Amino acid sequence: MTRCVALLSGGLDSMLAIRVMQEQGIEVESLNFKTMFTCCQDTSAQAARALGTNITVIGQEDDYLDLVRAPQYGYGKGANPCVDCRIYMFERAYKFMEAVDAQFIISGEVVGQRPMSQKRSDLKVISTNSGLEDLLLRPLSAKLLPPTKPERDGLVDRERLYDFQGRSRKGLIRLAREFGFTEDMIPTPSTGCALTEPEFGNKVHDLIKIQLNDTRWDYDALNVGRHFRFNEATKVILGRNHKENTQLEYMHRMEDATSTSFLEPISFKGPNALVTGPSTDDALEYAAGLIHRYGHSVDGEDNIVQVMQAETEFNLIAQPTDRSAQDKTIASAVNLRPVGS
Ligand code: SF4
């Protein structure tokens, strides 16, 4: 029995690539790669169910952040190091392929569809640097690429593969309909990866460029709240709603937290805040000023904020400082991207 492993994101391309293999009687084991920046595991599980394949989810390892910090092949529009990330995924998929006794790997990549990672030259780099070489087959664009080993060995009929290229989805949607995909099986395009979003990317680039000793906790914290940079070592994170206010309190209690103070308004309604890095008096005043700015402070009264630190608790009167009254969030900053990327 011929068996392949498919990287299944849950998007249309990966679903079609799987169906092309199934049409040739090839058994497909699906693999979904999850990072701390991706969502949508439900979507990939639903896609696997619709296609009748098993799905295994594998997560990033600790070294994934190294490639986010310094990708060999650069970033896309946000902080997405797609070529490096694909190499990383396929290296792990290769091990999985051997473990499940499959003969090759497929992916839904389409030549020229994504400027960052699907140029013809990128596809070659990904195949080579992942160690897969010609064990990596892209069924949707295979006719535009040199024959892979499974094609040469007769495991896959090259004549029944495709030559899609470019960004248009029209041909892919037509093929999906020919395969009998119902409308609800055709997902709208989305990477499901926060790194591709420019605003989130700004927060990542800020950590990479400015806060040189960043940790995994710092990256997790990027998913929560408004982020303001106070200085090279210190940042303030404000909750945007009740859920985030609770999350910030929870995150502050985590063992690996880099936050040094948790601030909560106690005499007026307003956001909770975390200070990451040194909680100097100036940094705390700035954080309290941000709470004042984004909260419902009461005119003519002391607007009190409670500060909780590892060993101590005390109160501050929140009032806007020159900076806290006008600073913009890191997400809306400009020029955070590395030069040349
Ligand atoms: S979009 Fe995100 S998960 Fe996908 S290849 Fe790029 S960095 Fe990796």
Side-chain angles (χ1 to χ4, degrees), residues 5-18 30-45 47-48 55-94 96 105-132 136 138 140-141 167 169 187-208 214 216 219-220 222-223 331 336-338 341:
V5 166
L7 279 190
L8 176 60
S9 62
L12 179 61
D13 306 345
S14 52
M15 290 175 74
L16 283 174
I18 290 174
S30 299
L31 191 62
N32 180 257
F33 183 72
K34 173 179 158 45
T35 79
M36 61 193 292
F37 305 107
T38 52
C39 65
C40 316
Q41 264 67 47
D42 287 356
T43 316
S44 51
I55 184 162
T56 302
V57 179
I58 56 169
Q60 66 174 71
E61 292 160 50
D62 289 345
D63 57 353
Y64 184 76
L65 280 178
D66 293 340
L67 72 85
V68 175
R69 289 183 186 109
Q72 190 180 350
Y73 296 98
Y75 296 105
K77 277 194 179 144
N80 45 317
C82 288
V83 174
D84 295 77
C85 179
R86 303 288 291 173
I87 292 168
Y88 186 94
M89 284 183 202
F90 281 117
E91 282 170 349
R92 276 136 193 93
Y94 195 174
F96 182 75
I105 293 184
I106 63 163
S107 87
E109 288 157 315
V110 170
V111 170
Q113 190 186 61
R114 295 204 179 139
M116 170 59 193
S117 62
Q118 295 186 11
K119 295 193 294 292
R120 212 178 279 248
S121 55
D122 296 329
L123 298 184
K124 172 99 177 97
V125 163
I126 292 167
S127 299
T128 305
N129 291 19
S130 62
L132 277 164
L136 177 50
R138 282 91 174 194
L140 301 180
S141 289
R167 307 187 74 159
R169 278 170 43 99
T188 47
S190 156
T191 63
C193 172
L195 291 173
T196 60
E197 295 163 15
E199 290 193 353
F200 188 86
N202 264 352
K203 294 194 273 183
V204 174
H205 287 306
D206 166 83
L207 270 188
I208 294 167
D214 56 19
R216 177 167 176 143
Y219 284 88
D220 278 328
L222 297 183
N223 292 307
L336 283 170
R337 290 165 58 81
S341 76

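Order of appearance sets the numbers: ligands from 1, and atoms from 1 within every ligand. Atoms considered below: every heavy atom in the structure, side chains included; atoms not considered: hydrogens, waters and symmetry mates. None of these values were measured; they are calculated from a predicted model.
- Ring-plane geometry between F37 and Y64 is classed as tilted, the angle between the planes lying from 30 to 60 degrees on a 0 to 90 degree scale.
- Counting the atoms of ligand 1 from 1 in the order shown, those under 4.0 Å from a heavy atom of T196 are 1 (S).
- The two residues C193 and T38 have their closest heavy-atom pair at CB-CG2, 4.0 Å.
- Residues N202 and A331 share a closest heavy-atom pair of ND2-O, 2.8 Å.
- With sequence neighbours excluded, the residues forming a side chain to side chain contact (heavy atoms under 4.5 Å, CB included) with S14 are L8, S9, listed by chain and number.
- Remark: D62 CG is loosely packed, at most 12 non-hydrogen atoms of other residues, nucleotides or ligands lying under 6.0 Å away.
- Shown here are the protein N/O/S atoms lying under 2.8 Å from atom 8 (Fe) of ligand 1, water excluded: C85 SG.
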(message) Between D214 and K203, is the salt bridge (charged side-chain N to carboxylate O under 4.0 Å, His left out) condition met? List the steps.
(response) CA-CA 12 Å; D214 56 19; K203 294 194 273 183; over 6 Å; no
